[in-house]
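Computed from a predicted structure; not experimentally measured. Basis for what follows: all heavy atoms, side chains included, without hydrogens, waters or symmetry-related copies. Here is the naming used below: chain letters follow the sequence lines, and residue numbers restart at 1 for every chain.
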Amino acid sequence: MIDELRAIEADAVAQIAGTETLEALGELQRDLLGKTSALGGLKKTLGSLEPDARREAGLVMNEVSEALRGAFETKKNELEALERLARAEAERLDLTEVRTSLDGGHLHLVTQTIEELEDVFVGLGFSVAEGPEVEDDWHNFTALNFGQYHPARDMQDTFFVGLGGPKEVVMRTHTSPVQIRVMEGQEPPIYSIMPGRVYRNEATDSTHLAVFHQLECLVIDRGITFAHLAGTIDRFTKAYFGAGWTSRLRPSYFPFTEPSAEFDIQRPDGTWLELGGCGMVHPNVLSNCGIDPEEFSGFAFGFGLDRLAATRHGVSDLRELASTDIRFLEQF
Amino acid sequence: MKVLHSWLLEFLDAPVSPEQVAAAFDDLGTPVEEETRIGDGLEGIEVVKVLTLSPHPNADKIQLVEVDRGDGEALQICCGAFNMAVGDLVPLATLGTVMPGGMKIEKRKLRGEWSSGMLCSSRELGVSDEHSGIMILDGRLTLGTPITEALGIKPDVLWELEVNPNRPDAMNIMGLARDLAPKVGVGFVAPTPPALVASGKDAQWGAQGGGGSQSGESTAGRFTVEIADADGCGRFLARVLSGIDPSAKTPDWMAQRLVHLGMRSISAMVDISNYVMLELGQPNHPYDLDRVAGQTLKVRKGRDGEKIVTLDDVERTLSSDDILICDGNDVPVGIAGIMGGASGEVSETTTDVLLEMAWFDPTSISRSSRRLGLRSEASARFEKGVDFAVAEHAADRFCELAAQICGAVTQAVQVDVRGNLPERPTVRVRTARVNAILGTELADQQISDLLNPIGFVAGPTVDGHEVTIPTWRYDSATEIDAIEEVGRHFGYRNIENQELTAARAGRLTPHQLERREVRRLLCGLGLAEVQPLPFLAPGQLADAGLDPSGIELVNPLVAEESVLRTALLPGLVTAVARNYARRQLGVGLWEIGHVFLTPPADQVLPDEREHLAVVLSGHEAPAAVEVWLTLAEKLRLQRPSVRNATIAGLHPTRGGEVLVNGVSFGIVGEIDTSVLQRHDIGERVAYLEIDLGAIASAERRSEKYRQISRFPASDIDLAFVVDNSVSAMDLERTLGEVDELVWSVRLFDIYRGPSIDDDKRSLAFGIRLQSGERTLTDGEVAEVRDRLIAAANEAHGATLRA
């Protein structure tokens, strides 16, 4: 019987090894291990053996059964793995063959610049104020201490709008009227920035736009000095441009600030960039907005954004900023 | 303003290097825009004599010149100028010379002929702007003399300074020197010309002179000055100079200075006049006394329509805004402070001069000069405010130079009529205020030490100083003006930076945050932001199918940019068209920007709004509706929907309004085909434009969280047959509000076809029912289903599809 068992085992192992499909393996398993199998037949005759022989034959039978079950399991795993592989192969994709349909969209580079600057100033404790782009003479000029015959009111610089009296309504020439609106509408302390679009009646070329953007910063509080102005500009310079940058102020003139200054920023390589204008808010401007200049003082500074935005990306012609060509837009 | 180093030094009591001067100018707010080293590059240029002139064998525009440098040798030069004659002395740039422009002179062949140097024009030497020919030198010069010596050119530095409108004193050499001296640590000295008419009247002035008339007797007769416009003319000082040598020439040193400062040398008398203006800041005018009728000058306002021919030979029509100088016959001889007339001009026969030294009101001059479109060196000074106490000093200087150069004899009489001059207040400058503005800790003494040298005379008071504002600072009148001077002379760089200390929370407003969210969402949808110009061409609104009337600019740069947009549509259609024309199809663009609508009745400013627009080319209307609903969802707008309607600019049957809780906030749909045709766009274009500013106050749905049920949901599908006129969104909303067990409603199928009446369609909704407390029974589901059907029927006449 033992010989018989060993023969069955040898035959079975050979058959298992030769099986190529899971289906065939399942059938083979039923044939070799089922009740009607040769092994099953021998199992039934086991009881007729002498106890010693029965024990010995029983051990061998268990051993053979185990071995065959193991062989089946191994073969099954092997065939399953092959089948998975085959299935995967059938699903193979070349990931370099992609037709792109998604697009992350594109923020205009001026918007990107404004948002970055807003974030820097919000981080420094400022709020962001906005106002109309079409302004009256009071907010754009008079309240800002422009004399009635100040050259800036000239036809050369200002777009006049066909509303109200002659020269009464203008496209704002700077974002400073928003300062007036903030001061008229709010008690100090004021810590605000005013980004926005402004208009100058000037012929455009690669470095000058008639429609461009400015950002101004206004602080009105008790005890604000020129030293705070210089300190804040320097703080902003480092926060926006980088720690290695510095700033300096040089005397200048604006009707709405006194003392007034130009501010330049210095790149880490030592070269200077003229950025904007600044100064202490003129007492007349404070009075015009109902703020007592003896109680409160303040400073303002401002600069143009478009050149900053363009320079960063090497856009040498500022007029491109108004381009609606998708080839321009999708680069940002 | 241009300024020469050597000229400045005449007003300083110790030498100061050009480097120091340039640095100080930057710190003082009169920064150097351009620096030119005079005399540089002239070392190799010398006086030579023309020996022969002969045609170049191979060129018409060049001739061969043989010159003698004084060694008797003939040196051949090729020259492009033909103005010299044999025997003339001319300047030669010898081999090796590097010209002021940087060009190196080398021996070279020009069309086969050797040239061993270059003959120079006066512009090439930097002594004038004359470039029509080679400069012909004084025939008495010795050959070989260096040109610098021959022409008396001394090394010098010329600066072009930027001067702000608040610095009238920086429009002349004396004023610049006065401001500079304390910054570079030297003394300011004003050379005093001999006082030929010693009246000392510069020091006497009251603000309200009132005008009037004064006469003086000279050997050339009686002369009279009258101020009839006391507000326009604050002072009119006149003198008579006689015995002028009409043949006198302007000395080289003066001509060179004038040229360096950007003026032309014209005649001795005119040059002296300009020189005095540049040096002392007093514009002035010499009239030919014989040509001034009645030897009388009268200042009065112009009359509308009056005419004058100015020195530049242009006839100007005057108005009552102009101030005129008239003669004894009341005929205009000059536009005050701007330009003289041709009739009273000094000429090569003038022997007697009536000299005007006047002060005109800055505002009047500025208005007049602008109106006439006529600017001059004089008007540039008068409109900033000339020092009204320098007239006599300037007259003395004029007479001094006229005596030296033209042998003029000044009559010992002058008239000095006063109109109304500005008040020169003394202002209180509180030390505490100075420090509170500047952030400094200056002591009283430091403040007066900074102010006194620049003529802001500071006398001590209890809390600071009483400061007298100098007559040369028309711009200054208040404490803050004086504080600026303190800051400027203390030095901005010496003020130590200080950080803001007050603790503040900076943040964006809800609307600003929301706008950023919208931007991010639109980017997330793959769309690109554009910022086209907000100005439109006339007709662009109409081309976009909109009401053609927009607010117009009075003075546009070009007609194509003259109308304020009333909607973003025209700009975005144009944007799509441009892309389409470049075969860039299917672009998706958006813009957030202001639009300008007609002002409401009680307002002068336009009704200005912030709009958002999205344009999706290559898409039909529903694509834009989807963008709207996505946006509305993101902003938690309450009950967002669309109402079909006919909208200007949009396809007549594919457009509608976007609603929040039934209130319209914009439009959505497809751009009208006729609009597309006008823009040569060959694909459908979906469009959305909303009033983003107004959305800020639109109603929002509750922020409150809706708990997710642990119990299983029951899904039912209901297909309704409903009139085409019924809004699918309304039906969907009705279903959603039938019972709180309705968790969601979603339209998943739309059918129009044979089994449905022509004016109806079938709308199939997937409805999920769910309770937070229990598993719904079949009975409960059936009950809600019945109510959904009933509600749809009741509200919209919808019937369940068979």
What part of [X] gets closer than 4.5 Å to chain B, counting heavy atoms only: side chain, backbone, both or neither?
{"X": "A:Phe328", "value": "neither"}
{"X": "A:His139", "value": "neither"}
{"X": "A:Glu168", "value": "side chain"}
{"X": "A:Pro132", "value": "both"}
{"X": "A:Val170", "value": "neither"}
{"X": "A:Leu124", "value": "backbone"}
{"X": "A:Phe299", "value": "side chain"}
{"X": "A:Phe126", "value": "both"}
{"X": "A:Arg248", "value": "neither"}
{"X": "A:Glu330", "value": "neither"}
{"X": "A:Leu321", "value": "backbone"}

In Å and rounded to the nearest 0.5 Å, what is the [atom1] to [atom2] distance from [X] to [Y]?
{"X": "A:Thr225", "Y": "B:Leu500", "atom1": "OG1", "atom2": "CG", "result": "9.0 Å"}
{"X": "A:His228", "Y": "B:Thr501", "atom1": "NE2", "atom2": "OG1", "result": "5.5 Å"}
{"X": "A:Ile326", "Y": "B:Gln584", "atom1": "CD1", "atom2": "CD", "result": "7.5 Å"}
{"X": "B:Arg504", "Y": "A:Ile190", "atom1": "CZ", "atom2": "CD1", "result": "12.5 Å"}
{"X": "B:Asn166", "Y": "A:Ser260", "atom1": "CG", "atom2": "OG", "result": "7.5 Å"}
{"X": "B:Leu564", "Y": "A:Glu133", "atom1": "CG", "atom2": "CD", "result": "9.5 Å"}

With a 4.5 angstrom heavy-atom cut-off, which part of [X] approaches chain A: side chain, backbone, both or neither?
{"X": "B:Ile437", "value": "both"}
{"X": "B:Asp481", "value": "both"}
{"X": "B:Arg433", "value": "side chain"}
{"X": "B:Pro31", "value": "side chain"}

Heavy-atom pairs under 4.5 Å with chain A, option from [options] with the top count:
{"options": "B:Leu527, B:Val558, B:Ile480", "result": "B:Ile480"}
{"options": "B:Arg488, B:Glu479, B:Arg507, B:Arg167", "result": "B:Arg507"}
{"options": "B:Arg609, B:Gln512, B:Glu591, B:Glu610", "result": "B:Gln512"}
{"options": "B:Leu572, B:Thr509, B:Leu553, B:Ile592", "result": "B:Leu553"}
{"options": "B:Glu552, B:Glu485, B:Glu496, B:Arg582", "result": "B:Arg582"}
{"options": "B:Gly487, B:Gly439, B:Pro362, B:Gly571", "result": "B:Gly439"}

Contact between [X] and [Y] at the side-chain level, heavy atoms closer than 4.5 Å - yes or no?
{"X": "A:Asp325", "Y": "B:Arg578", "value": "no"}
{"X": "A:Leu107", "Y": "B:Arg520", "value": "yes"}
{"X": "A:Ser252", "Y": "B:Asn164", "value": "yes"}
{"X": "B:Pro534", "Y": "A:Arg197", "value": "yes"}
{"X": "A:Val134", "Y": "B:His594", "value": "no"}
{"X": "A:Leu329", "Y": "B:Leu589", "value": "yes"}
{"X": "B:Leu605", "Y": "A:Val169", "value": "yes"}

Taking all non-hydrogen atoms of both residues into account, name the closest pair between [X] and [Y] and its distance.
{"X": "B:Leu508", "Y": "A:Glu118", "answer": "CD2-OE1, 4.3 Å"}
{"X": "A:Thr324", "Y": "B:Asn579", "answer": "O-ND2, 2.8 Å"}
{"X": "A:Ala210", "Y": "B:Leu557", "answer": "CB-CD1, 3.6 Å"}
{"X": "B:Tyr492", "Y": "A:Pro259", "answer": "OH-CB, 3.4 Å"}

Taking atom [atom1] of [X] as the centre, report whether more than 12 heavy atoms of other residues, nucleotides or ligands fall under 6.0 Å from it.
{"X": "A:Arg235", "atom1": "CZ", "answer": "no"}
{"X": "A:Glu295", "atom1": "CD", "answer": "yes"}
{"X": "B:Arg493", "atom1": "CZ", "answer": "no"}
{"X": "A:Glu320", "atom1": "CD", "answer": "yes"}

Highest number of heavy-atom pairs under 4.5 Å with chain B: which of [options]?
{"options": "A:Gly104, A:Ser101, A:Ser127", "answer": "A:Gly104"}
{"options": "A:Thr111, A:Val211, A:Asp234", "answer": "A:Thr111"}
{"options": "A:Thr232, A:Leu109, A:Ile233", "answer": "A:Thr232"}

(message) Does this structure show an ion pair linking B:Arg516 with A:Asp119, if we count only N-O contacts that are shorter than 4.0 Å?
(response) yes

(request) Would you confirm whether B:Gln531, through its side chain, and A:His108, through its main-chain N or O, come within 3.5 Å as a donor-acceptor pair? (result) no

(request) Take the angle between the ring planes of A:Phe159 and B:Phe535 and call it parallel below 30°, perpendicular above 60°, tilted in between. (result)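 Answer is perpendicular, since the angle exceeds 60°.
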
